[in-house]
*Asks:* 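Encoded as structure tokens, here's the structure I'll be asking about.
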Protein chains: 2
Amino acid sequence: MHSFTEENYLKVIFHLFQVQKMPVQTNAIAGKLNTRAASVTDMLKKLADKKLINYIRYQGVTLTEQGKSTAIQIIRRHRLWEVFLVEKLNFGWDEVHDIAEELEHVGYQPLIERLDKFLGYPKRDPHGDLIPDSSGEFEIAVQTGLLELPENTRAIIIGVTEHSSPYLKHLEKLGLTIGESLLIEGITSYDGTLELNCAGKKISISRKVAQHILVSTKNQ
Amino acid sequence: MHSFTEENYLKVIFHLFQVQKMPVQTNAIAGKLNTRAASVTDMLKKLADKKLINYIRYQGVTLTEQGKSTAIQIIRRHRLWEVFLVEKLNFGWDEVHDIAEELEHVGYQPLIERLDKFLGYPKRDPHGDLIPDSSGEFEIAVQTGLLELPENTRAIIIGVTEHSSPYLKHLEKLGLTIGESLLIEGITSYDGTLELNCAGKKISISRKVAQHILVSTKNQ
DNA sequence: TTTTAATTTTAGATAAATCTAAAAAAAATT
DNA sequence: AATTTTTTTTAGATTTATCTAAAATTAAAA
């Protein structure tokens, strides 16, 4: 199997590629992993030798099919453990990321399959992120960023792209949690502040806060 | 916190000391951890520097109070995860050791306390081993080795001291599982084979098998 | 009690993952 | 197009946990 560290690199490369849709740069990886560019270069060579990434000097990296499927399995583990921690052990959605970060590296396939079954084959984790199935397939997501919608649209919060505890606590205080339905009552022309109505309550949120909220306008 | 490796050393030293009741030798540790005596010596120095063990060259080691309490916490984690794997994920009692061996190193205190609560504060793991409580106390055990009992004694199986899959599978096939009540009908004088009656069925087991079975003659 | 055997420790090497500092390549500016 | 800036890579060290081989110590046997 792959080392703890290799797994973290693959996961980070996968995430960055999903956001940028272009080869991932050394510096970006170093930033995410709190390490130095030189260390990243060393590891990239190793991952390339193992055929987990496509790596050309100075050109950034992409995951090979093998690397991608490994990364997806790690993400699957992470998200299933998050569901377990919230649903079964009653942790808050802002507390589970770091714990899952450790549990995700316990890589014994039957453990994950049984955990999945025990949890009732959940589709999404507590932050609304999709959980890949055992063959690594994601359900097709019909989701939009909250900022992309016009005034007077009704939508359901299905996820967040920022998982830090302060951010999640803030959302929770505002009552903006996964599954909540909201109406965009207005968008302030001066600074773009969003005026929302959620569960009958009027809420204003800045673009900085709205930026990380994913919504669906279907199935309401 | 302590590294994965340090934790494994502490756990092994604790176990060996429990069995031998005397300072643990370098070679014994090396044997249990599948490593070499020289590597063990290196690590012992490190653990001694951290005040987790009492170490005098050539004299073997014992755990300090701090080392002991760390070891007990790791054992607590291991046994709670084993309960989870058997009770919640329906693994067999012979399958859980290696998985728990990995999970036990996820060391975030609230995780373990909540897991304990979720499992209903179990007293023993699937092999009958006592689970220390959060302050590191073991319940006082009233247990005897099956071999120490005379003919015509009635007892309940409360644990096993050998956790290998082949051994546990064998016991399961014989119907000798934790909680079962048994009667020692006879002890063959030639080779000491035990003639048992368990749940109305007659079973013969060798001393080699009986040697790892712990029983209680109380609370029947 | 000397000799032999077993155990333990040192000395010196290796592999994994990291680092700093400097060189090389690519991208952005003038 | 030449220069500056940014990014990435190499070179060489460091740390952690391991190893082999040889030396030191202790225990057992003759």
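So you know, we letter chains A, B, ... as the sequences are listed, proteins then strands, and number each from 1. Since the structure is predicted, the reported quantities are computational estimates derived from the model, not experimental observations.
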*Asks:* Identify which nucleotide among C/dT9, D/dT18, D/dT9 has an atom closest to any side-chain atom of A/Thr41, counting heavy atoms from C-beta outward.
*Replies:* D/dT9
*Asks:* Take the protein atom CD of B/Glu7 and the nucleotide atom P of D/dT16, then report the distance between them rounded to whole Å.
*Replies:* 16 Å
*Asks:* Just call it for A/Phe4: base, sugar-phosphate, or nothing, with non-hydrogen atoms closer than 4.0 Å on any strand.
*Replies:* nothing
*Asks:* Is any side-chain nitrogen or oxygen of B/Lys45 closer than 4.0 Å to OP1 or OP2 of C/dT9?
*Replies:* no
*Asks:* By side chain to side chain contact (heavy atoms under 4.5 Å, CB included), which residues pair with B/Ala210, not counting sequence neighbours?
*Replies:* B/Leu146, B/Leu147, B/Leu194, B/Ile205
*Asks:* Whole-Å distance between D/dT15 C1' and B/Glu6 CD?
*Replies:* 13 Å
*Asks:* Could you identify which residues of residues 52-61 of chain B place a heavy atom less than 4.0 Å from some atom of DNA chain D, listed by residue number, or say none?
*Replies:* B/Tyr58
*Asks:* Do the side-chain N and O atoms of B/Ser216 and B/Gln143 include a donor-acceptor pair separated by under 3.5 angstrom?
*Replies:* no
*Asks:* Ignoring hydrogens and angles, state whether a donor on the side chain of A/Asp125 or A/His78 is under 3.5 Å from an acceptor on the partner side chain.
*Replies:* no
*Asks:* Is the shortest distance from a Lys or Arg side-chain nitrogen in A/Glu101 or A/Lys11 to a carboxylate oxygen in the other one below 4.0 Å?
*Replies:* yes
*Asks:* In whole Å, what is the span from the CD1 atom of B/Ile29 to the P atom of C/dT7?
*Replies:* 14 Å
*Asks:* Can you list everything that forms a side chain to side chain contact (heavy atoms under 4.5 Å, CB included) with A/Tyr108? Sequence neighbours excluded, please.
*Replies:* A/Pro110, A/Leu111, B/Phe91, B/Ile99
*Asks:* Return the value, rounded to whole Å, for the distance between atom CG of A/Asp42 and atom P of D/dG12.
*Replies:* 14 Å
*Asks:* For the pair made of CG in B/Asn8 and C1' in D/dT16, what is the distance, rounded to whole Å?
*Replies:* 15 Å
*Asks:* Measure from the side-chain heavy atoms of B/Thr35 and tell me the nearest of D/dT18, C/dT20, C/dT18.
*Replies:* D/dT18
*Asks:* Out of D/dT10, D/dC19, C/dT18, which has the shortest distance to the side chain of B/Arg36?
*Replies:* D/dC19
*Asks:* Going by side chain to side chain contact (heavy atoms under 4.5 Å, CB included), name the residues that satisfy it together with B/Asp94, two or more places apart in sequence or in a different chain.
*Replies:* B/Ser165, B/Leu168, B/Lys169
*Asks:* For the CD atom of A/Glu87 and the CG atom of A/Leu119, what is their distance to the nearest 0.5 Å?
*Replies:* 7.5 Å
*Asks:* With a 4.0 Å heavy-atom cut-off, tell me which residues in residues 13-28 of chain B come close to DNA chain C, sorted by residue number.
*Replies:* B/Gln25, B/Thr26, B/Asn27
*Asks:* Taking everything shown except B/Lys88 itself, do over 12 heavy atoms lie less than 6.0 Å from its NZ?
*Replies:* yes
*Asks:* With a 4.0 Å cutoff (strictly under), does any side-chain N or O of A/Tyr9 reach OP1 or OP2 of C/dA16?
*Replies:* no
*Asks:* Specify the separation, in whole Å, of atom CE of A/Met43 and atom P of D/dT9.
*Replies:* 14 Å
*Asks:* Check the distance between D/dT18's P and B/Leu33's CG and give it to me in whole angstrom.
*Replies:* 8 Å
*Asks:* Identify every side-chain donor-acceptor pair in residues 55-74 of chain A under 3.5 Å, counting partners at least two apart or on other chains, and give the distances.
*Replies:*
{"unit_1": "A/Thr62", "atom_1": "OG1", "unit_2": "A/Asn54", "atom_2": "OD1", "d": "3.1"}
{"unit_1": "A/Thr64", "atom_1": "OG1", "unit_2": "A/Lys51", "atom_2": "O", "d": "2.8"}
{"unit_1": "A/Thr64", "atom_1": "OG1", "unit_2": "A/Leu52", "atom_2": "O", "d": "3.1"}
{"unit_1": "A/Thr64", "atom_1": "OG1", "unit_2": "A/Gln66", "atom_2": "N", "d": "3.4"}
{"unit_1": "A/Thr64", "atom_1": "OG1", "unit_2": "A/Gly67", "atom_2": "N", "d": "3.0"}
{"unit_1": "A/Thr70", "atom_1": "OG1", "unit_2": "A/Gln66", "atom_2": "O", "d": "2.9"}
{"unit_1": "A/Gln73", "atom_1": "NE2", "unit_2": "A/Ser134", "atom_2": "O", "d": "3.3"}

